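Worksheet for the structure shown next.
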Amino acid sequence: MLSAIIFYEDRNFQGRSYECMSDCPNMSSYLSRCHSCRVESGCFVVYDRPNYMGNQYFMRRGEYADHTSFGISGSVQSCRLVPQHRGSYRMKIFERENFQGQSHELVDDCDSIVDRYQISDCQSCHIIDGHWLMFEQPHHRGRMLYLSPGEYRSIKDLGYRGMRISSVRRIVDSC
């Protein structure tokens, strides 16, 4: 089944709509604003700025009648499809940028990096397998950052200056 998300200009699925089945770096090409959406299948990350920048929100199958219900104060500006992943999950986190400082390998969710590993922050990481969400606060709260497999030398370079990573979660939904 193909992944699909439908964006609507107004709340409660009203106004013009745009159906998206892949990454979309700039919603303004299709809609003047986006204030509600319906995820028909799959999982997506939506952003409040174009080109996958700004605050991020993870969206799974369901209806979101009001953009403020999922945390966006303005409008959805871009979205990214979260690919289906079957298999293991593995990432390595580092206390400092450029893969420096203490490092720890994770294969499952972590509610609190401080409590589990006694490090105060994660400033770089290597996603080896799977897709992950990193959160600013313990217990998967606060601002979120979506990461796919790859090397990330600096969390700051991803547009999150001053953000401290405190918890991580695997995307294990049926995306």
Side-chain angles (χ1 to χ4, degrees), residues 3 5 20 22-29 34 37 39 42-60 67-68 70-173 175:
S3 296
I5 185 170
C20 185
S22 61
D23 295 353
C24 179
N26 193 345
M27 298 291 294
S28 67
S29 302
C34 173
C37 67
V39 180
C43 295
F44 292 82
V45 174
V46 298
Y47 302 78
D48 64 3
R49 291 185 29 215
N51 299 311
Y52 319 115
M53 300 297 290
N55 294 310
Q56 305 178 18
Y57 305 90
F58 179 70
M59 313 292 283
R60 60 177 51 93
H67 64 291
T68 59
F70 53 89
I72 288 187
S73 58
S75 177
V76 174
Q77 299 290 321
S78 55
C79 79
R80 206 179 275 274
L81 169 68
V82 177
Q84 184 85 342
H85 176 76
R86 302 218 187 276
S88 62
Y89 288 80
R90 204 170 100 197
M91 75 180 297
K92 193 166 189 177
I93 60 171
F94 297 85
E95 185 177 28
R96 295 196 307 263
E97 294 179 338
N98 295 312
F99 314 116
Q100 300 295 309
Q102 286 187 54
S103 67
H104 299 279
E105 189 168 295
L106 285 80
V107 294
D108 59 2
D109 300 349
C110 178
D111 287 339
S112 174
I113 291 172
V114 172
D115 292 346
R116 187 186 289 182
Y117 299 113
Q118 286 74 49
I119 62 173
S120 61
D121 201 2
C122 163
Q123 286 299 315
S124 57
C125 66
H126 180 196
I127 307 295
I128 301 158
D129 289 310
H131 297 263
W132 296 75
L133 299 175
M134 302 181 95
F135 296 86
E136 182 175 41
Q137 298 171 13
H139 305 287
H140 319 297
R141 297 183 195 275
R143 289 185 296 174
M144 182 201 88
L145 181 61
Y146 162 69
L147 296 176
S148 57
E151 292 185 346
Y152 301 89
R153 296 187 166 280
S154 173
I155 299 300
K156 289 181 212 167
D157 291 347
L158 299 172
Y160 281 94
R161 296 199 184 286
M163 182 174 170
R164 299 174 69 93
I165 302 299
S166 296
S167 58
V168 297
R169 185 175 76 197
R170 300 163 296 152
I171 299 178
V172 294
D173 297 74
C175 292

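What you see is a predicted model, and the numbers here were worked out from it, not measured in a lab.
Heavy-atom contacts from other residues, nucleotides or ligands closer than 6.0 Å to CZ of R116 number more than 12.
Expressed to the nearest 0.5 Å, how far CZ of R143 lies from CD1 of I165 amounts to 8.5 Å. One distance of note links CG of D108 with OG of S88; it measures 12.0 Å at 0.5 Å rounding. Between the SG atom in C110 and the OH atom in Y117 there is a gap of 5.0 Å [rounded to 0.5 Å]. Of the inter-residue distances, the one linking I113 atom CD1 with Q118 atom CD reads 12.0 Å to the nearest 0.5 angstrom. Atoms CD and SG, on Q77 and C34 in that order, are 9.0 Å from each other to the nearest 0.5 Å. Within the model, atoms CD of Q102 and CZ of R96 stand 9.5 Å from one another, a figure rounded to the nearest 0.5 Å.
Across all their heavy atoms, F135 and M144 have their closest contact at CE2-CG, 3.7 Å. In terms of heavy atoms, V168 sits closest to H140 at O-CE1, 2.9 Å. Pairing each heavy atom of S154 with each of S124, the nearest pair is N-CB, 4.3 Å. The shortest heavy-atom contact between I155 and C122 is CG1-O, 3.7 Å. Closest of all the heavy-atom pairs between G150 and H126 is O-CD2, 3.4 Å. The minimum heavy-atom distance between S78 and Y52, with the atom names listed, is OG-N, 3.1 Å.
In terms of modelled atom types and a separation under 3.5 Å, the side chain of D48 and the main chain of N55 share a donor-acceptor contact. A donor-acceptor pair is defined here as one N or O able to donate and one able to accept, closer than 3.5 Å; such a pair exists between the side chain of S166 and the backbone of E136. Of the possible polar contacts, none joining the S103 side chain to the F94 backbone as a donor-acceptor pair under 3.5 Å is found. For D121 (side chain) and Q123 (main-chain N/O), no donor-acceptor pair under 3.5 Å exists by modelled atom type. Panel note: side chain Q56, backbone Y146; a donor-acceptor pair is recorded below 3.5 Å.
Between D109 and R170, at least one side-chain nitrogen of the basic residue sits less than 4.0 Å from a carboxylate oxygen of the acidic one, meeting the salt-bridge criterion.
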Report the C-alpha separation of C125 and L147 in whole Å, then their side-chain angles, then the decisive distance to 0.1 Å, and conclude whether the side-chain contact (heavy atoms from CB on, under 4.5 Å) test is met.
CA-CA 10 Å; C125 66; L147 296 176; 3.6 Å; yes
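Note on ring orientation: taking the six-membered ring where Trp is involved, the planes of H131 and H85 are perpendicular (angle over 60°, cut-offs 30° and 60°).
Considering only heavy atoms from C-beta on, V82 comes within 4.5 Å of F58 through its side chain. Between V46 and C79 there is a side-chain heavy-atom pair separated by less than 4.5 Å. In this structure, R153 and F99 have side chains that are in contact, with non-hydrogen atoms separated by less than 4.5 Å.
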